Amino acid sequence: MPILQVAIPVPLFNPLFDYHPPLHASETQLQAGIRVRVPFGTQECVGMIVAIKTHSDYPELKTAYECLDTVPLIPKPLLEMYAWASQYYCYPLGQVIAATLPPKMMAGASTHIELPPDVLWCLTEEGRKHANNTFPAHQQRFAILLDLLKNIPIGYDESTLALALSNPRPTLRALQKRGWIAPLPKQSPSEIHPPLPLNHAQQHVVHTVCAHAQQFYPCLLDGVTGSGKTEVYLQLLQIVLHSGRQALVLVPEINLTPQMVARFQQRLPLALVVLHSQLPDTTRLHAWLAARDGQATVIIGTRSAVWIPLAKPALIIVDEEHDPAYKQQDSFRYSARDVAVWRARQAGIPVILGSATPSLDSLYNTKQQRYHYFHLPERAGNALHPSYRVIDMRQQPRHSPFSPELQKNIQYCLQEKQQVLLFYNRRGYAPTFMCYSCGWIADCPRCDAHLVYHDNVRELRCHHCNYVQNVPIHCPQCQSHSLHPIGQGTEKLAEQLQQLFPHARIARIDSDTTPSYQEMNDLLTKIHAQEIDILLGTQMLAKGHHFPAVTLVGIINADAGLFSIDFRATERMAQLLIQVAGRAGREALPGMVLIQTYHPEHPLLHCLIQQGYGAFAESALTERLNAQLPPYCRLALLRVGAKTLELAIEFLNQAKYTAEQLPDFNSQIRLLGPVPAPMIKRKNRYHAQLLIQSSQRNLLQRFLPQWLSALQQKQRSVSTRWSLDVDPLDLM
DNA sequence: AGCACGCCGACT
DNA sequence: GTCGGCGTGCTC
């Protein structure tokens with residue numbers, strides 16, 4: 001009788017459990033990739049068969065209740081990817097599977113589902129007449145759909161509409177019944193936009209990648225903003241479509257890139273599937289199945305889309321590969337960019353990492369000849385390069401965050417009917433809230449952080465744990481009423497800006513004001529219609545948008561990234577400056593970038609501004625080499641949170657001792673710490689960390705799993721929560 | 001992660 | 001007397 005090895009989604013280092021097969025299971029159901037319902041402790045749960053064994057060391061096996069699938073749900077390559085990821089990231093296999101499958105799958109959902117019809121919904125003539133009607137409250141869903149459809153002649157498919165309206169199908173049916181909308185089969189490519197002519201550099205990329213289409217071919221596509229990376233992607237994808245195979249496109253945040261999605265839809269309406277986290281579960285399940293079975297041809301999605309199975313993979317694209325959003329920052333801490341490269345190797349296909357500001361890791365890989373390097377130097381069209389100007393804030397009047405020079409330039413832009421983009425990296429109204437009488441400051445009771453004052457909702461909020469409290473009327477310490485917000489946030493900046501430019505139409509863009517896809521889309525439409533004069537926002541602004549009428553970009557304070565304990569802070573700062581600058585002067589109008597700083601002499605700024613990102617990257621890489629930091633070594637970080645700091649440090653000291661006793665530990669592996677985390681108290685726990693460094697990746701690869709299983713056994717009864725971060729992005 | 005078992009404090 | 005706090009241990 002065979003024995004099933006089942007991965008159970010529990011946080012144990014070895015989450016594999018053996019079971020006897022269910023009583024009524026057929027031979028073909030006893031295969032890796034089939035879900036089983038099993039008894040587990042006092043409860044029952046759904047697990048995944050990962051192997052069939054002939055013998056188990058465990059004396060008393062239970063019998064599985066039933067198989068949930070008749071044929072394997074998970075194709076073999078995906079199972080292999082799970083196994084590798086579990087090993088590489090030291091994360092329990094059962095949880096890797098549960099975290100990356102559509103959520104319904106491990107809840108035991110059936111996979112025999114009616115797929116949504118593969119059609120694009122369009123307005124009919126009749127529908128167009130009603131598109132601007134006002135609808136009663138109970139028919140607001142009509143209004144939303146009609147409004148969406150009236151702006152897009154080729155129509156939208158159901159999964160795209162689901163981004164704006166949850167579960168659109170009943171509403172679609174109702175509108176179809178009235179004859180206001182009609183389904184258009186996707187196979188009619190009448191409205192497909194024609195490809196744009198490629199310049200020499202773009203052609204070179206397309207030809208070379210095509211010539212290596214049948215093998216693992218990793219490449220870095222280094223192209224400044226507007227150099228036409230997207231056009232290269234589109235033409236490669238069109239070639240993939242012709243070959244009848246599939247492609248996966250990863251983008252950092254889909255909410256923030258509706259324009260790019262729209263462009264893909266216009267050019268590749270055939271079997272395009274859009275995936276992201278706000279999608280309803282059922283839609284995600286459909287997309288997963290459609291990709292696995294080869295019906296979906298091009299899958300565009302965020303980080304988690306890297307785990308979607310592909311029946312006939314031909315190409316993977318990772319756009320804006322430098323973006324930190326590709327690294328998951330909690331629970332299963334994988335890098336979608338690195339997983340994508342692994343997948344391409346496994347499948348034997350090309351993978352394109354695209355960016356205007358490539359990560360130092362990828363640049364290093366091109367230097368090592370591991371990745372091929374393509375450069376797209378020219379801006380498409382006649383757009384001119386922006387000019388940079390550093391403003392020394394030490395020489396400016398202190399009372400305003402906007403230097404006279406910045407103000408003068410804003411004024412000029414407003415006169416000329418050009419748009420301004422201002423960048424500031426602090427949400428909220430004011431980062432501290434203080435009593436002028438006694439000096440009391442509102443702190444988060446759960447973290448080592450001040451509460452941030454939000455004026456519009458009149459709340460104090462912690463940006464680290466989302467703790468919220470009402471604004472106190474008098475000081476809790478001295479009862480005085482002189483409580484005041486101190487410092488600057490985007491909310492307050494917007495207020496000050498409005499006072500300076502009373503007639504300007506100002507829009508704030510940050511996660512407080514624009515949390516959803518729909519709102520972002522609306523705002524972008526307004527911006528393009530020039531209904532906005534000044535855009536003020538956080539990082540969100542820097543990501544991939546095209547603002548053709550923006551001619552002035554202002555960095556309100558560039559100093560945060562220049563002096564940080566995190567070794568990647570300067571890299572991020574440089575990427576941010578270049579990306580934000582890339583938003584300016586895209587058409588005939590030249591752009592200008594004003595950078596306000598208290599450290600105008602900083603070598604990073606000089607190098608970046610005078611010689612460009614490439615030169616900056618060179619010097620940054622030299623610094624990393626000298627300091628033996630990534631990409632010149634491999635890191636892992638053991639983080640721990642405990643009741644007290646002493647307990648946290650003590651746990652790490654024990655862990656360090658355990659490590660040093662292991663057979664695979666040697667002098668090539670260095671353990672640095674333990675040290676208290678940069679923010680010690682977070683969410684009522686005290687944090688410390690231990691850094692693991694090695695020049696050789698495979699040494700760490702062998703050592704880490706051994707270490708973790710030893711830790712699991714020894715430290716099982718410690719009431720601490722710990723996690724290992726392989727290839728950590730920041731050491732916070 | 002869940003869940004049970006177990007041993008100490010303030011309740012009807 | 002017991003209800004329930006969370007520390008500890010286990011899950012094939």
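Chain letters run A, B, ... following the sequence lines, proteins first and then strands; every chain starts at 1. What you see is a predicted model; the values in this text were computed from it and never measured.
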Just how far, in rounded Å, is P of C/dT8 from CZ of A/R721?
16 Å
Nearest-Å distance for atom pair CG/C1', residues A/D18 and C/dC12:
6 Å
Using a 4.0 Å heavy-atom cut-off across all strands, classify A/L12 as base, sugar-phosphate, or nothing.
base
Between C/dC12, C/dG7, B/dA1, which nucleotide gets closest to the side-chain atoms of A/V10?
B/dA1
Measure up the A/W84 and A/Y88 rings against each other and bin them: parallel (under 30°), tilted (30 to 60°), perpendicular (over 60°).
parallel
Check every strand shown and say whether A/P39 touches a base, only sugar-phosphate, or nothing at a heavy-atom separation below 4.0 Å.
sugar-phosphate
Starting at CZ of A/R37 and ending at P of C/dC12, how long is that distance when rounded to a whole Å?
15 Å
A/I8 CD1 to C/dC10 C1', in whole Å, measures 14 Å
Which whole-number value in Å describes the distance from A/L93 CG to B/dA1 C1'?
16 Å
Contact class for A/F40 vs. all strands (heavy atom < 4.0 Å): base, sugar-phosphate, or nothing?
base
Does B/dC3 have OP1 or OP2 sitting under 4.0 Å from an N or O in the side chain of A/Q43?
yes
Nucleotide C/dC12, atom P - distance to CD1 of A/I52 in whole Å:
18 Å
Would you give the length of the straight line joining atom CG of A/L275 to atom CD1 of A/I300, rounded to the nearest 0.5 angstrom?
9.5 Å
A/L700 side chain reached by A/I692 side chain, heavy atoms, under 4.5 Å:
yes
Would you mind checking if A/K104 and A/D281 are paired as a salt bridge, meaning a charged N to carboxylate O distance below 4.0 Å?
no
For the pair made of CD in A/E60 and P in C/dT11, what is the distance, rounded to whole Å?
10 Å
Quick one: A/K62 NZ to C/dC12 P, roughly how many Å, whole number?
3 Å
Can you tell me if A/F17 is stacked onto the base of C/dC12, using a 5.5 Å centroid cut-off and an angle below 30°?
no
Between A/K327 and A/D727, is there a donor-acceptor pair closer than 3.5 Å when you use the side chain of the first and the backbone of the second?
yes
May I ask you to verify if any side-chain N or O of A/K53 is less than 4.0 angstrom from the OP1 or OP2 atom of C/dC12?
no
Candidate nucleotides C/dC12, B/dA1, B/dC3, ranked by approach to the side chain of A/T42 - the nearest:
B/dC3
